[in-house]
Asker: 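Encoded as structure tokens, here's the structure I'll be asking about.
Being a predicted model, the structure only gives us computed values, none of them experimental.
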Number of protein chains: 2
Amino acid sequence: MDVDERRGEVLRAIVEEHIQTAQPVSSQAVARSAGLGVSSATVRNDMTALERDGYLTQPHTSAGRIPTDRGYRYFVDRFADPTAVRGLHGEQQRAVSEFFRGAHAALEDLLHETSGLLARITRHAAVVVGPPTESARVRRVDLVLLQPGQVLAIAVLSNGAVEREMLTVDPDLSSEQVATAEQALAAALVDATLQVPPAPRPSGDPAADGLAGTAHLALHRRAEASHDPLYVGGASRIAAEQEAFATARSAATLLELLEQQVVVVSLVRDLLDQGVSVSIGSEHRIDELRDCSLVLAPYTIEGEVAGTVGVLGPTRMDYQQALAAVATVSAQLGNLLSR
Amino acid sequence: MDVDERRGEVLRAIVEEHIQTAQPVSSQAVARSAGLGVSSATVRNDMTALERDGYLTQPHTSAGRIPTDRGYRYFVDRFADPTAVRGLHGEQQRAVSEFFRGAHAALEDLLHETSGLLARITRHAAVVVGPPTESARVRRVDLVLLQPGQVLAIAVLSNGAVEREMLTVDPDLSSEQVATAEQALAAALVDATLQVPPAPRPSGDPAADGLAGTAHLALHRRAEASHDPLYVGGASRIAAEQEAFATARSAATLLELLEQQVVVVSLVRDLLDQGVSVSIGSEHRIDELRDCSLVLAPYTIEGEVAGTVGVLGPTRMDYQQALAAVATVSAQLGNLLSR
DNA sequence: GGTTGGCAGTCGGTACACTCGACTGCCAGC
DNA sequence: GCTGGCAGTCGAGTGTACCGACTGCCAACC
């Protein structure tokens, strides 16, 4: 085994040990556990070299070393095998297949529950980004007169999502007029996308036309304005992983970020076309995520990339397992949504 | 001012001071700030009496005193005026009325956004419980054939909520058969509640009848099984309020509790018929909520109690402001939903 | 050149003693 | 019943000493 190879093994041992213990790793521990057949002094030399090259850092002089983001990056690129399912225990695999066997919810609920599943098996926070509403075609349009002056506009999309918007209308509008408007709206939207801008719709009844126009505009606006849907599962894990964060405050701001959704969605979108990917600590430009890693896997519906599932944990996380989890879950989710 | 009255004022001063500073309050601080015209020695005597009666406690001998749950209870009962809006700053009031002026979302979204509003103005976590699905009547039923073998069943309820369920069916089922089933289902459900159990529905087409039955059963089951909808806003505040919790772990378990929803829903339901209510620390039997208080106000739709809005914060919270916030928000929300 | 054992040096953590300051409790006097 | 004063208690902060766990370096060895 030549020097470079051994240094890789030393780094690997340090990462694995540190993931397990959350403590700085000493040269002795590596020499003892890694089975390299060299003394701790040699390991020490390698460790100084690895630190010089930016893979390791020392919290303080008389302590062991911990991996830097760059160290994790090397570890993931070199040692983590995204195709290996072996990272998953039997129990976890069972949970996944059981979940997808029993799944029969509408799209939104399904994606939400999927985030919960992923959080459960990885014991970290999980995110699921749904298929963009823009791309889906309208299958059905409803205008429901809930009570005088109040109409609920509903668009059922081909992917099973449902867009809703409440409209306040003239209280004198009759249910027949609403029905007329519904037909007009259906004519304009069914089999189209919500991207289609509203157009004048001359028919017999101007009030009905008005309602159809309003409803179209409202649904159109909503589809325009809304970012891709994001579902977060197991956010409470972030609070439980407090120790990983520099300050108690940063865990709170991270949770806030997840609540606001939009930042996370754009981050995930940016990484979407890279296939299974890992983004470590300072690699993503969002400061609040400095102490976190994001392990993502896109899922496809009938061959098209539709969305992403991901795990959000501290940089000190079990990448092997997270990769295995997102890989299997995304595959199964894509399967389910394709058939 | 007689002794009992003064002791009340001492307690009040301690609670108010402690809410502000989060520190144990000393006799000197009370004597100085409360304007009682007595010396700190007298206050000390009152404080020992208040401690004997269980309203105060001492973290350690050489420290000031902090209120017990019982102390907060007395404070709330005696000094907090739920009808007073004065607890709210102008800025907060403006946020509330602006929010409700601009609101035009479907029920679920509206309630969710309301929880966000309440969290924003109180700077604590907020919960909103929606109207129970059981009571609402069905206004519209859709069976949408998304793709061969996959039907989405949708029920639009009179309160603007939308129940959805995905059904896997015979891939050979034609869209005409789905339409027939939709009509049969509509006949059974429209103007009824989802409580109505499925009944055999003999018509021309057994396949359509089968689908109608399956869809009915699925929607019925979902309505049965699902608890009242709960919307949580500002959960990140809980992480920010860490100091209020005994251990870092307990903040995480509290967040988990909110994710699971069911416990919180039943707790809130139990307190629903008490009008505006405050539940302090150990008063609610749920151990995870030992360090929290819950300030609730039910909202009514057309005179009927429909749900609840609430603030969940540390026992050391500004009850006056929380009460004012939930009172105005619940009133406005009820207003909006009634018209 | 790479590897090794040994040894000095560095630093965090803990234990202890001490002081300071902020309270309370109590009591005698008003 | 209130008050001022005083003793007592305890937490928090500080300085010191010490132990233990590392690393860094070096001379020796293969």
Asker: Specify whether H18(B) and Y72(B) have parallel, tilted or perpendicular ring planes, treating 30° as the upper limit for parallel and 60° as the lower limit for perpendicular.
Answerer: tilted
Asker: May I ask you to evaluate whether S39(B) reaches the phosphate of dT3(D), defined as a side-chain N or O under 4.0 Å from OP1 or OP2?
Answerer: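 Yes, within the criterion.
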Asker: Atom pairs, N/O to N/O, protein against nucleotides 25-30 of chain C, distance under 3.5 Å?
Answerer:
residue : atom : partner : partner atom : Å
dG25(C) : OP1  : R65(B)  : NH2          : 2.6
dG25(C) : OP2  : R65(B)  : NH2          : 3.2
dG25(C) : N7   : R44(B)  : NE           : 3.2
dG25(C) : O6   : R44(B)  : NH2          : 3.3

Asker: Taking C-beta and beyond as the side chain, do M47(A) and I14(A) meet within less than 4.5 Å on heavy atoms?
Answerer: yes
Asker: Taking atom CG of L294(A) and atom CD of E283(A), what is their separation to the nearest 0.5 Å?
Answerer: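 Here the interatomic distance stands at 11.0 Å.
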Asker: Just how far, in rounded Å, is P of dT23(D) from CG of L50(A)?
Answerer: 12 Å
Asker: Tell me the interatomic distance from I66(A), atom CD1, to dC22(D), atom C1', rounded to whole angstroms.
Answerer: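 One finds 15 Å between C1' of dC22(D) and CD1 of I66(A), rounded.
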Asker: Write down the distance between NE2 (H60(A)) and P (dG12(C)), rounded to a whole number of angstrom.
Answerer: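 To the nearest whole Å, that distance equals 6 Å.
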Asker: Exactly one of R7(B), R12(B), R65(B), R52(B) should register a salt bridge (charged side-chain N to carboxylate O under 4.0 Å, His left out) with D46(B). Which one does?
Answerer: R7(B)
Asker: Hey, what do you get for OG1 (T42(B)) to CZ (R6(B)), rounding to the nearest 0.5 Å?
Answerer: 6.0 Å
Asker: Atom CZ of R52(A) and atom C1' of dT23(D): how far apart are they, to the nearest Å?
Answerer: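 Taking atom C1' of dT23(D) as the reference, CZ of R52(A) is at 16 Å.
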Asker: Say whether, by atom type as modelled, one donor and one acceptor occur between the side chain of D291(A) and the main chain of F245(A) under 3.5 angstrom.
Answerer: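 Such a contact is absent between D291(A) side chain and F245(A) backbone.
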Asker: Which of residues 13-32 of chain A sit near DNA chain C, with a heavy atom under 4.0 Å from it?
Answerer: none
Asker: Check the phosphate of dG12(C) against S62(A), side-chain N and O only, distance under 4.0 Å to OP1 or OP2. Yes or no?
Answerer: no
Asker: Distance check, rounded to the nearest 0.5 Å: S115(B) atom OG versus L312(B) atom CG?
Answerer: 12.0 Å
Asker: Are OP1 or OP2 of dT3(D) and a side-chain N or O of T42(B) less than 4.0 angstrom apart?
Answerer: yes
Asker: Where the side chain of S266(B) meets the backbone of V263(B), is there a donor-acceptor pair that is under 3.5 Å apart?
Answerer: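 Between the backbone of V263(B) and the side chain of S266(B) there is a qualifying donor-acceptor contact (under 3.5 Å).
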Asker: Measuring from atom CD1 of I121(B) to atom OG1 of T328(B), what distance do you get when rounded to the nearest 0.5 angstrom?
Answerer: 5.5 Å
Asker: Could you give the angle between the helix axes at the two ends of the helix from dG1(C)-dC30(D) to dC30(C)-dG1(D), with five pairs per end, rounded to 10 degrees?
Answerer: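 Answer for the end axes of this duplex: 20°.
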Asker: What heavy-atom pair brings G310(B) and L118(B) nearest, and what distance separates the two atoms?
Answerer: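 Nearest pair, atom of G310(B) first, then L118(B): O-CD2, 3.5 Å.
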Asker: Can we say D77(A) and R73(A) salt-bridge, meaning some charged N sits less than 4.0 Å from an Asp/Glu carboxylate O?
Answerer: yes
